[in-house]
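Contents: one structure, followed by commentary.
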Amino acid sequence: MNAATQDTSSSILVIYTGGTIGMRDSDRGLVAAGDFDSRMAAALASLPPDRRRRLPEYIVWESPDPIDSSSATPDDWAVLAALIADRYQDYAGFVVLHGTDTLAWCASSLAFQLQGLSKPVIVSGAQKPLESENSDALVNLEAALAFAAQTALREVCVSFGGRLLRGCRARKWYTADALGFESPNWPLLGEMVDHSPIVYTPRCWPARGAPRFELAGGDAAVVIRLVLWPGIRAKDVARWLDDDSQRGVVIECWGSGNLPEDEALLGVLARACAEGKVMVAVSQCPVGGVSPGTYASGQTLNEIGILSGDDMTPEAAHSKLAHLLAQDLSPGDLRQRLLTSLVGESGAFTA
Ligand code: ASP
């Protein structure tokens, strides 16, 4: 039977996009490589029989053009979301294998595109290629498949280093450590314990009606990521913001949402807001969020009209803004949806 005639409703669809997990050596270093289906099967066959038996059935969809995710764009995320949406009814869950560099961006974008999921979409990858010595790829594949079969999961997650993180809360934290990712503002959704998946259900996104897919990765070029640094000059910021094609700005402020008290800089930001650019503030601190008004210098955010991004990661804030700008929303609706946690991307966890 081929995939088209097979009953796959209890199977996992594994979507391979590239990344280190499938890379091979070249004379210029690691490069994205194909033939992933048979390589994955060979790797999983090397697991001890009891672990092999616990794996769910799966089918691999391989990108014809696997990439290093440092070249990924929102168009790639839109293709991925459409692929999952097209096959949504046919599978019990989905695994997306992706390079780690932009994996958190992809996971955030998928979360905003695939709202109202009733099954898991697990994004994973590896710090070392599948066939390399001491690779984390095999255990990550095993964990991703195991989590993708968990019916309690109804969201986009990142599975990496034996841990399960909310996708829109994850950040690449380590360049080489097998843990790979952290989720500084939301606790782990699950863990692999003795090679079996444990899901911490109270921390997971609850069932919320039917899927409401909004398939648009957004145009990343219309949203600027503006990271403050001491001494930042108004005229440099103005050069970016005076471009009419820019529609949104994620501004990474100090601490709990503070801006420099520089009249010229504040004037440039205020003018951009007044012209209709949507500005969202997040913190440069990885843990915690912005709470404008704690300091006088933070009060400025409200006065200028910059919206609070609460404790969103910069990746989530950027992909959310790009995603919402791609919808046909009135300014009021856009503002309201930005300030609402749509898929669990913001807001403190209370046990
Ligand atoms: N540069 C690689 C990528 O993002 C890194 C990785 O996958 O770990 O595709």
Side-chain angles (χ1 to χ4, degrees), residues 14-37 39-40 42-44 60-81 83-84 94-111 113 121-145 147-148 156-184 192 217 220 225 286 313-316 318-319 322:
V14 176
I15 300 170
Y16 169 69
T17 67
T20 296
I21 192 165
M23 286 191 180
R24 293 203 195 266
D25 259 330
S26 79
D27 50 7
R28 296 190 59 236
L30 292 172
V31 287
D35 191 24
F36 193 78
D37 191 0
R39 294 164 62 201
M40 177 171 166
L44 291 173
V60 176
W61 181 93
E62 293 195 32
S63 164
D65 183 23
I67 58 167
D68 185 310
S69 81
S70 48
S71 303
T73 70
D75 290 342
D76 296 305
W77 310 331
V79 168
L80 273 176
L83 217 131
I84 293 170
F94 298 84
V95 168
V96 175
L97 297 174
H98 199 278
T100 61
D101 286 343
T102 58
L103 188 151
W105 293 80
C106 174
S108 283
S109 175
L110 289 180
Q113 293 187 73
V121 173
I122 309 292
V123 190
S124 191
Q127 296 279 35
K128 290 186 175 184
L130 193 55
E131 289 90 0
S132 80
E133 213 177 321
N134 298 322
S135 173
D136 52 337
L138 179 54
V139 285
N140 283 358
L141 283 177
E142 182 186 18
L145 285 169
F147 283 124
V156 178
C157 306
V158 170
S159 170
F160 215 95
R163 309 189 306 171
L164 189 71
L165 290 65
R166 174 162 292 162
C168 56
R169 295 282 193 155
R171 304 198 73 189
K172 184 171 180 182
W173 212 260
Y174 309 95
T175 54
D177 190 288
L179 281 182
F181 292 79
E182 292 289 348
S183 164
M192 291 297 280
R225 181 176 179 184
T313 64
E315 294 87 338
H318 195 283
S319 53

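One-based numbering along the sequence shown. Indexing begins at 1, ligand by ligand and atom by atom, following the structure's order. All values derive from a computational prediction rather than experimental measurement.
At a 3.5 angstrom cut-off on N or O pairs, His98 does not count as close to ligand 1. Between Thr100 and ligand 1, at least one pair of N/O atoms sits closer than 3.5 Å.
The closest protein non-hydrogen atom to atom 6 (C) of ligand 1 is Thr20 OG1, 2.7 Å. Looking from atom 4 (O) of ligand 1 to the surrounding protein, the closest heavy atom is Ser69 OG, 2.5 Å.
Side-chain contact, Ser70 with Asp68: a donor N or O sits under 3.5 Å from an acceptor N or O.
For ligand 1, the atoms sitting less than 4.0 Å from at least one non-hydrogen atom of Ala126 are 8 (O), numbered in the order shown with element in parentheses. Annotation for ligand 1: atoms under 4.0 Å from non-hydrogen atoms of Asp68 are 1 (N), 2 (C), 3 (C), 4 (O), 9 (O). When each atom of ligand 1 is checked for a heavy atom of Gly19 under 4.0 Å away, the hits are 7 (O), 9 (O).
With Gln127 contributing its side chain and Asp177 its backbone, the two residues share a donor-acceptor pair below 3.5 Å. Distance alone, capped at 3.5 Å, is enough to place a donor-acceptor pair between the Ser69 side chain and the Thr102 backbone. A donor-acceptor pair under 3.5 Å is formed between the side chain of Thr17 and the backbone N or O of Leu97.
Taking every heavy atom of both residues into account, Met40 and Val60 meet most closely at SD-CG2, 4.1 Å.
Using a cut-off of 4.0 Å between Lys/Arg side-chain N and Asp/Glu carboxylate O, Arg169 and Glu182 are scored as not salt-bridged.
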